[in-house]
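Notes to accompany the following structure.
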Amino acid sequence: MIESRAPGRLIYTPGEIADAVGKLALRIAWDYRRKPLVLLGVLKGALYLTVDLARAIAQIADGPSEIVVDYLCVGSYGMSDRSDGQVRLLMDASVQVTNRDVVLVDDIADKGYTLGFLQTLLKERAPASLRTCVLFDKPSARVVEVPLEYVGLPAPDAFVVGYGLDYQERFRSLPYVAAIDPKTKEESSSPST
Ligand code: IMP
Ligand code: MG
């Protein structure tokens, strides 16, 4: 399915994204070498990242002894492009994380509400260890300080879409990342179905 409109200013090409994912995979594979690893992706934004990361880690020699991939889904109240700190769990992971080494994988750290919420939730389940991996980081937007052990690339102080990141459910499947054009954003603001 081809996106109806390619928005905005190009920020990262597919090649740059693949390089960043590869580098994250190398670091994670090394840190969890010969140990079982649980990768927990945050839907929907980290859908592609989690899959690409898991496959890249699995191809690295002497990496984790086993990779278990699971997802959970969170939503925030209010507009889909604005989080106001009210994060809720829409779907929980099905794997048990207690006593296991877990890496939480999300698309972007923005205000920090989502990752703060999930880190607290997961820590209550007493994993052996918990680290967080994001492909993009927008440090200038941070409201809640959250530890981020693995960061792929800086994101500009703009709304970005592509490679999992959406604007009202659109543009997720773009293979590149673009900063959204305010005009496009306005034109596409009809309710998503
Ligand atoms: P936070 O709770 O403010 O850190 O927001 C995190 C979530 O909001 C991310 O997991 C994304 O799903 C979404 N988000 C934040 N910034 C952007 C953006 O620039 N583009 C698309 N989604 C974003
Ligand atoms: Mg997200």
Side-chain angles (χ1 to χ4, degrees), residues 3 5-14 16-17 20-21 24 39-54 69-93 102-123 130-189 192:
E3 296 282 346
R5 188 193 299 267
R9 179 169 54 95
L10 179 69
I11 304 295
Y12 291 115
T13 63
E16 289 169 330
I17 295 167
V21 174
L24 288 171
L39 277 186
L40 221 48
V42 184
L43 291 176
K44 300 176 197 171
L47 182 60
Y48 303 123
L49 171 63
T50 309
V51 171
D52 289 348
L53 197 56
V69 180
D70 200 6
Y71 285 95
L72 36 75
C73 184
V74 292
S76 48
Y77 294 101
M79 299 279 290
S80 63
D81 61 332
R82 246 191 282 143
S83 64
D84 54 6
Q86 297 279 339
V87 184
R88 65 195 162 130
L89 190 64
L90 300 177
M91 184 196 80
D92 205 344
V102 178
V103 173
L104 181 64
V105 181
D106 204 359
D107 48 3
I108 188 166
D110 189 43
K111 294 197 184 76
Y113 294 135
T114 306
L115 288 170
F117 170 83
L118 288 173
Q119 288 173 353
T120 303
L121 180 92
L122 292 171
K123 274 192 228 149
L130 176 67
R131 288 182 179 161
T132 301
C133 171
V134 290
L135 184 54
F136 301 110
D137 186 18
K138 242 193 246 184
S140 58
R142 202 80 84 250
V143 177
V144 177
E145 278 313 315
V146 285
L148 303 175
E149 286 79 11
Y150 306 104
V151 176
L153 294 161
D157 194 13
F159 199 80
V160 289
V161 294
Y163 196 69
L165 290 152
D166 73 307
Y167 173 66
Q168 295 187 347
E169 297 301 328
R170 297 181 70 204
F171 312 122
R172 261 191 227 285
S173 56
L174 292 176
Y176 54 87
V177 166
I180 206 159
D181 175 352
K183 195 163 161 276
T184 309
K185 206 168 156 177
E186 219 165 84
E187 284 171 10
S188 63
S189 64
S192 57

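Computation of the quantities below employed the complete heavy-atom set of this structure, encompassing side-chain atoms and omitting hydrogens, waters and symmetry-equivalent molecules. Counting convention: from 1, in listed order, for ligands and their atoms alike.
Residue contacts with ligand 1 for Leu115 are absent, since no atom lies close enough (heavy atoms, distance under 4.0 Å). When non-hydrogen atoms are compared, ligand 1 lies under 4.0 Å from the backbone of Ala158 (N, CA, C, O) but not from its side chain. With a heavy-atom cut-off of 4.0 Å, Asp107 touches ligand 1 through its side chain alone.
One side chain, Asp52 or Tyr163, offers a donor N or O that lies under 3.5 Å from an acceptor on the other.
What you find for Leu165 and Val160 is that their closest heavy atoms are CB-O, 3.6 Å. The two residues Asp137 and Arg142 come nearest to each other via the heavy atoms OD1-NH2, 2.6 Å. Phe136 and Ala155 make their closest contact through CB-CB, 4.0 Å (heavy atoms, listed as atom of the first residue, atom of the second, distance). Shortest non-hydrogen contact noted between Glu149 and Thr132 is OE1-N, 2.8 Å. Taking both residues in full, the closest heavy atoms of Asp166 and Phe159 are given as O-CE2, 3.4 Å, listed atom of the first, atom of the second, then distance. The two residues Ala179 and Ala158 have their closest heavy-atom pair at CB-CB, 4.0 Å.
Heavy atoms of Val87 come nearer than 4.0 angstrom to ligand 1 in no pair at all.
Of all atoms in ligand 1, numbered sequentially from 1 with element shown, those under 4.0 Å from a heavy atom of Tyr113 are 1 (P), 2 (O), 4 (O). Residue contact check: Lys138 has heavy atoms under 4.0 Å from atoms 16 (N), 18 (C), 19 (O) of ligand 1. For ligand 1, the atoms sitting less than 4.0 Å from at least one non-hydrogen atom of Lys111 are 1 (P), 3 (O), 4 (O), numbered in the order shown with element in parentheses. Near Gly112, the atoms of ligand 1 lying under 4.0 angstrom from a non-hydrogen atom of the residue are 1 (P), 3 (O), 4 (O). Close contacts of ligand 1 with Asp106, meaning ligand atoms under 4.0 Å from a residue heavy atom, involve 10 (O).
Backbone and side-chain nitrogen or oxygen atoms of Leu165 are examined, and none is located within less than 3.5 angstrom of a nitrogen or oxygen of ligand 1. Note: no N/O pair closer than 3.5 Å links Ala109 and ligand 1 by distance alone.
Residues passing the side-chain hydrogen bond (donor to acceptor under 3.5 Å, both in side chains) test with Arg9, sequence neighbours excluded: none. The ring-ring contact (aromatic ring centres under 6.0 Å, His included) test applied to Tyr71 returns no partner, not counting sequence neighbours.
The residue from Phe171, Phe159, Phe136 that puts a heavy atom closest to atom 18 (C) of ligand 1 is Phe159. Between Leu43, Val42, Ile108, it is Ile108 that holds the heavy atom closest to atom 23 (C) of ligand 1.
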